[in-house]
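Reading through the structure tokens given below for one structure.
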There are 2 protein chains.
Amino acid sequence: MPKQVDHDERRRELTAALLRIASTRGLQAVSMREVAAEAGVSLRVVQYYFANKQALLESGLAELGARMNRRAKQRAAAAIEPVGGERVEGEPSVGEMTARAVLAAVLGTVVPFDEQSRLDSMAWTAYYTAALTDPVLAAAGLTLPNALESFLTKRLAAAQQAGEIAPDRDPRIEVAGLLALANGLTSSVLSGQRSYEDATEIIEYHLDRLFGPADGLSRARVPSGEGSAGRISGH
Amino acid sequence: MPKQVDHDERRRELTAALLRIASTRGLQAVSMREVAAEAGVSLRVVQYYFANKQALLESGLAELGARMNRRAKQRAAAAIEPVGGERVEGEPSVGEMTARAVLAAVLGTVVPFDEQSRLDSMAWTAYYTAALTDPVLAAAGLTLPNALESFLTKRLAAAQQAGEIAPDRDPRIEVAGLLALANGLTSSVLSGQRSYEDATEIIEYHLDRLFGPADGLSRARVPSGEGSAGRISGH
DNA sequence: TCTGTTAGGATACGACTGTATCCAAACAGG
DNA sequence: CCTGTTTGGATACAGTCGTATCCTAACAGA
């Protein structure tokens, strides 16, 4: 077989170009020709690697989800090993973090904290809105948020069993509220109503209210002897 | 002068048709011809009453803001006079409601509670997303949320002076958090992740945490002798 | 070297977009 | 009744859209 072109790599470049357009000029500015121009290729190339526009858009949504996932894992890892991470193989996993640290890591990932995550949040918002009137996108776009919510709910319920939060709290309501809070704050950060620092302050404030005002910061490890305080962000 | 056509009325009909399309098929489905068809008139009529598409879209955004305003006021009035409203002229104004009742009314208005407000929230979300990449819409679309936030913040600060909430709370943070929560819940309700009842339960839950778990419900009037409990919504 | 497959350049089609123009009904004021 | 303005029907124009087609370089395997 002739030539040698890495199809996956090609598709990644085109998808990245698509997300660059969607995050700066909106999803309505995305056309096959615009994506081609942004990627520096011809229209035919976009057509060759994506059968139609729908496939291209779905690829963009999948890439966005993957990026969110990657960032959340990086945050969690940084919360476990805050300084210069030499992490041996028996390294602490997410299961050894306090529920508060997990929540702080995930919620801090939802709210845009640097230019790239701001752009991705822009694109994500555009997709989310489009999904409200497009059932095809809705199915693909809701799996990640739903998985996130059920993961956090289980994690917080376990933390409640361990006595980390008061027994009269409802983990499902708390998690749903925190995720809605983070999403709402994301909107206001994107529109310039609030800064990222304001948003994280509000989130930390709510985490304080949930986990008790005692500590006040997001301890990274579960206290085995005495935990070290790993500050993630805030003010 | 010939004919007699109420231009404002005509524009209202066209704007209503625009919002019907935007709320069911999205803002990208709005075209001059589609609006004409939805309103049952010819393309020329839409052109005649709106100089261009931009003016049409801005009219839609203004109408959405007006509807939100109207609903919030109706809610507030219903909270003051919960049963059969005979309201004499010295009627209780919003200034005589408890801060909690004001917050419950406003936040309950943000979250879609019936089919019409669900449709309007859909359209609002579409506009909000479009405003993220369109500075013209952004200016017009942010005035209402900003005014709402500053109004509620002042109201809550006054309530703090009156001892309705604990003195260590920051009214700015509380209001920003509650509004973000309501917006995030709206998103999840629109996408079908959560029901309206779930959303109001979460909001009431947070109001309980803010105003103290003592009462537990949104009392409508400021306690002059003994307030009557006006339940707005919930579960 | 020859061959057959792959990767893409060039071009075109029909549908739809916002906007503009032309012109004819409809009707109020003189 | 006449006239001039308002209202809107009909049509057109230049772009842009997603998609399809045709054809030719480029190159791996024989």
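First the proteins, then the strands, lettered A, B, ... as listed; each starts at 1. These numbers come from the heavy atoms of this one structure, side chains and all, not from hydrogens, waters or symmetry mates.
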Has B/Arg10 got its NZ or CZ under 6.0 Å from the middle of the six-membered ring of B/Tyr48, at an angle within 45 degrees of the ring axis? no
Side chain of B/Gln47 - closest among C/dA20, D/dG9, C/dG9: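 Nucleotide nearest to B/Gln47's side chain: C/dA20.
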Please give, in whole Å, the distance from [N] [atom2] to [X] [atom1]?
X       : N      : atom1 : atom2 : answer
B/Asp6  : C/dC27 : CG    : P     : 17 Å
B/Leu14 : C/dG18 : CG    : C1'   : 16 Å
B/Leu56 : C/dT19 : CG    : C1'   : 14 Å

Hey, does the side chain of [X] come within less than 4.0 Å of [N]'s phosphate (OP1/OP2), counting only N and O?
X       : N     : result
A/His7  : C/dA7 : yes
A/Tyr48 : C/dG8 : no
A/Arg10 : C/dG8 : yes

Would the distance check show the side chain of B/Tyr127 and the main-chain N or O of B/Leu27 forming a donor-acceptor pair, the cut-off being under 3.5 Å?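 Looks like no, no N/O pair under 3.5 Å.
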Checking the side chain of B/Ser59 only, and the main-chain atoms of B/Ala55 only, is there a donor and an acceptor separated by less than 3.5 Å?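 Checked: no pair found.
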Any donor-acceptor N/O pair under 3.5 Å between C/dT21 base and B/Arg44 side chain: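 Answer is yes: a donor-acceptor pair is held.
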In chain order, what residues pass the side-chain contact (heavy atoms from CB on, under 4.5 Å) check against A/Ser187, with sequence neighbours excluded? B/Tyr128
By the 4.0 Å heavy-atom rule, please label A/Tyr49 as base, sugar-phosphate, or nothing.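 The residue A/Tyr49 makes sugar-phosphate contact but no base contact.
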Name the orientation class of the two ring planes belonging to B/Tyr49 and B/His7 (parallel below 30°, tilted from 30 to 60°, perpendicular beyond 60°).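 Answer is perpendicular, since the angle exceeds 60°.
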Would you tell me whether B/Ser117 and B/Asp114 have side-chain atoms, one donor and one acceptor, within less than 3.5 Å of each other?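 Note: B/Ser117 and B/Asp114 side chains meet the donor-acceptor criterion.
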With 3.5 Å as the limit, what N/O pairs link the protein to nucleotides 15-18 of chain D?
from   : atom 1 : to      : atom 2 : distance (Å)
D/dC17 : OP1    : A/Ser31 : OG     : 3.4
D/dG18 : OP1    : A/Lys53 : NZ     : 2.9
D/dG18 : OP2    : A/Met32 : N      : 3.0
D/dG18 : N7     : A/Arg33 : NH2    : 2.5
D/dG18 : O6     : A/Arg33 : NH2    : 2.7

